[in-house]
Structure formats: structure tokens, C-alpha cells
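Below is one structure; the comments refer to it alone.
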Amino acid sequence: MNKTFKSYVVIMLVALVITAAVLNFFSFYLVSGDSMAPTLKNNNYLIVKKAFLSNHRYKRGDVIVFNAKIKSSLVANKDLVERVIAVPGDTVKIENNHVYVNNEVIRENYLKNHTTKGDLEIFVNENRYFVLGDNREVSLDSREGSIGLIKNNEILGKVIIKMFPFERIGDELYEN
């Protein structure tokens, strides 16, 4: 074999190893719908750090992708993107269009409309998370009985960056 051919083979092998490593640690998702608007919009591409890298530990304000077991005739499972509002051990209360975590109104500067419909109070059990979309009017989230609290093993990962459209790469996901 000639030297040029060997160089190409080495380059291809290195590229394959790097690609395999990236795909092992990160996933890529396309946002479908407006439940996270204005933070994320329909057809935004996301890079998501896989759940095992976070050791299934998320904090309030993290944007996560999870597999929802939706009870619907159209779809049995669907990946959703929502924001973590409460973590294990927290109590969430929605009352008078406000969200309270542990009896304190939370500051949500990322919301376009600062109202949250619903009337509930729930304790977040161990290994579970309470999530809401940023666009509360249309979001399918923990307020819905078909979604409820999100289990650790349903979380696919944490959104780390928006990739597309290119003019919005890296826009803020975690303003508080």
C-alpha cells in the first residue's frame, strides 16, 4: 500500500472513533411543537448530554428530554422537552397563576406570559422530577395526569445547547 492510502485509512478510522465517542455521550433532538417557546421553538435542533453522564441528577431550571408514556391512541411513547421545576423532596403548588416550590414563588424570567394555569399541590418523591414547559398555555407537562412526575429512568438527558437555527446557537436556556 502506498503512503497516501494509509493516511486516508488512518484519518477515516480516527473519524469513526471520534464519531462513535460523540454518539455514545450525546444525542441530537429536533424540537417538535411550541411547548418550550420562547426558549426553544419548533424545529430547533438540540444537543443533549445523555442521562448517565449526569448520574440522573438534575437541578431546578435544567431543560431535559424525557420519554413520556402518553396514553393516546395515536402515540404510546413520545420524547418531550420540558424544564425541571422541582426536584426530589420539593413540594410544588400551583395557585392563582403562580408556581410555588417549597412555599416560595419561583422567578421564571424565561416565560413570555407569567401565568401558569392549574390548581394543584404535589410532593415530588425520590427519583422523580416535576417539569413544566415555558409556554404554559400549550405545554404537555407534569400538570397532566398522563405525564405526571418524571421518573429518573424516563429521562434521556439534559439539553446543553441549541444548534439550529445557526443565528441562535447557544442562546440562553437557563436564565433565572
Side-chain angles (χ1 to χ4, degrees), residues 20-95 99-102 104 106 108 110-111 116-164 171-176:
V22 166
L23 293 176
N24 199 28
F25 297 111
F26 300 97
S27 295
F28 303 90
Y29 286 91
L30 176 65
V31 174
S32 176
D34 290 318
S35 74
M36 281 297 292
T39 307
L40 300 174
K41 296 189 173 133
N42 191 43
N43 294 324
N44 281 163
Y45 284 93
L46 309 173
I47 296 178
V48 175
K49 181 172 73 170
K50 290 192 177 181
F52 74 90
L53 292 173
S54 298
N55 202 21
H56 287 289
R57 291 198 172 103
Y58 302 96
K59 61 185 189 312
R60 291 181 207 104
D62 284 349
V63 177
I64 61 170
V65 177
F66 62 95
N67 186 268
K69 311 278 192 267
I70 299 172
K71 312 287 189 282
S72 162
S73 59
L74 300 175
V75 155
N77 294 322
K78 182 176 179 167
D79 294 345
L80 298 178
V81 180
E82 305 293 357
R83 188 178 300 273
V84 173
I85 299 299
V87 299
D90 286 343
T91 299
V92 178
K93 183 176 179 181
I94 299 175
E95 183 178 69
V99 179
Y100 299 83
V101 174
N102 302 326
E104 291 186 28
I106 59 171
E108 299 181 284
Y110 43 80
L111 293 180
T116 303
K117 293 190 189 297
D119 187 21
L120 67 84
E121 186 167 355
I122 189 167
F123 177 76
V124 182
N125 300 323
E126 189 176 335
N127 298 319
R128 304 243 191 311
Y129 294 87
F130 185 91
V131 298
L132 293 174
D134 289 359
N135 185 357
R136 306 279 161 82
E137 302 265 328
V138 300
S139 179
L140 184 61
D141 51 40
S142 289
R143 294 174 293 174
E144 298 289 326
S146 62
I147 302 293
L149 296 174
I150 307 307
K151 298 175 188 168
N152 265 345
N153 64 357
E154 295 171 337
I155 299 174
L156 303 172
K158 175 183 170 182
V159 176
I160 57 171
I161 194 166
K162 280 186 254 199
M163 283 300 297
F164 188 82
D171 279 0
E172 190 64 43
L173 295 172
Y174 305 108
E175 288 180 6
N176 276 325

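All values below were derived from every heavy atom in this structure, side-chain atoms included, with hydrogens, water molecules and symmetry-related copies excluded. Here, residue 1 is the first one in the sequence, and each next residue gets the next number.
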Check: Which residues satisfy the salt bridge (Lys or Arg N to Asp or Glu O under 4.0 Å) test with Lys49, sequence neighbours excluded?
Finding: none

Check: Residues two or more places apart in sequence or in another chain: which of them pass side chain to side chain contact (heavy atoms under 4.5 Å, CB included) with Ile47?
Finding: Phe26, Phe28, Ile160, Ile161, Met163

Notebook entry, point to check: Between atom OG1 of Thr116 and atom CD1 of Ile106, what is the distance when rounded to the nearest 0.5 Å?
Noted result: 7.5 Å

Checklist line | Heavy-atom pair with the smallest gap, counting every atom of Ser35 and Ser139 | finding: CB-CA, 3.7 Å

Next item on the list: Fit a plane to each ring of Tyr58 and Tyr129, take the angle between them on a 0 to 90° scale, and name the class: parallel (under 30°), tilted (30 to 60°) or perpendicular (over 60°).
Entry: perpendicular

Checklist line | Asp90: side-chain hydrogen bond (donor to acceptor under 3.5 Å, both in side chains) partners, not counting sequence neighbours | finding: Arg60, Asn102

Note to self: Holding to side-chain hydrogen bond (donor to acceptor under 3.5 Å, both in side chains), I want the full list of residues that pass it with Asn152, two or more places apart in sequence or in another chain.
What the structure shows: Asn127

Margin query: Assess the residue pair Phe66 and Ile147 against the criterion (side-chain contact (heavy atoms from CB on, under 4.5 Å)); give the C-alpha distance rounded to whole Å, side-chain angles, the decisive distance to 0.1 Å, and a yes or no.
Written below: CA-CA 10 Å; Phe66 62 95; Ile147 302 293; 4.2 Å; yes

Note to self: Just to verify, what does Val31 make a side chain to side chain contact (heavy atoms under 4.5 Å, CB included) with, not counting sequence neighbours?
What the structure shows: Leu40, Asn44, Leu46

Note to self: To the closest 0.5 Å, what do you measure between OG (Ser142) and CD1 (Ile85)?
What the structure shows: 9.0 Å

Next item on the list: Among residues two or more places apart or on two chains, list those pairs meeting salt bridge (charged side-chain N to carboxylate O under 4.0 Å, His left out) that have a residue in residues 117-132.
Entry: none

Check: So do Val87 and Val124 actually touch side chain to side chain, heavy atoms under 4.5 Å?
Finding: no

Checklist line | Val99 and Arg136, any side-chain heavy atoms less than 4.5 Å apart | finding: yes

Checklist line | Straight-line distance of Glu82 CD to Ile155 CD1, nearest 0.5 Å | finding: 12.0 Å

Notebook entry, point to check: Under 6.0 Å from the NZ atom of Lys151, do we count more than 12 heavy atoms belonging to anything else shown?
Noted result: no

Note to self: Just verifying a value: how many Å separate Thr39 OG1 and Lys162 NZ, rounded to the nearest 0.5 Å?
What the structure shows: 6.5 Å

Check: Which residues satisfy the salt bridge (Lys or Arg N to Asp or Glu O under 4.0 Å) test with Lys59, sequence neighbours excluded?
Finding: Asp62

Notebook entry, point to check: Which residues pass the side-chain hydrogen bond (donor to acceptor under 3.5 Å, both in side chains) test with Ser27, sequence neighbours left out?
Noted result: none

Next item on the list: Drop me the distance from Asp79's CG to Ile64's CD1, to the nearest 0.5 angstrom.
Entry: 11.5 Å

Check: What distance do Leu149 atom CG and Ile122 atom CD1 have between them, rounded to the nearest 0.5 Å?
Finding: 4.0 Å

Next item on the list: Verify side-chain contact (heavy atoms from CB on, under 4.5 Å) between Val81 and Val63, making sure each step is shown before the conclusion.
Entry: CA-CA 7 Å; Val81 180; Val63 177; 3.6 Å; yes

Notebook entry, point to check: With sequence neighbours left out, what residues match Phe130 under ring-ring contact (aromatic ring centres under 6.0 Å, His included)?
Noted result: none

Notebook entry, point to check: Under the side-chain hydrogen bond (donor to acceptor under 3.5 Å, both in side chains) test, which residues partner Asn42, sequence neighbours left out?
Noted result: none

Check: What residues form a ring-ring contact (aromatic ring centres under 6.0 Å, His included) with Tyr29, not counting sequence neighbours?
Finding: none

Notebook entry, point to check: Which salt bridge (charged side-chain N to carboxylate O under 4.0 Å, His left out) pairs, counting each pair once, include a residue from residues 139-148, with sequence neighbours left out?
Noted result: Asp141-Arg143

Checklist line | Exam field: side chain Arg83 to backbone Leu132, donor-acceptor pair closer than 3.5 Å | finding: no

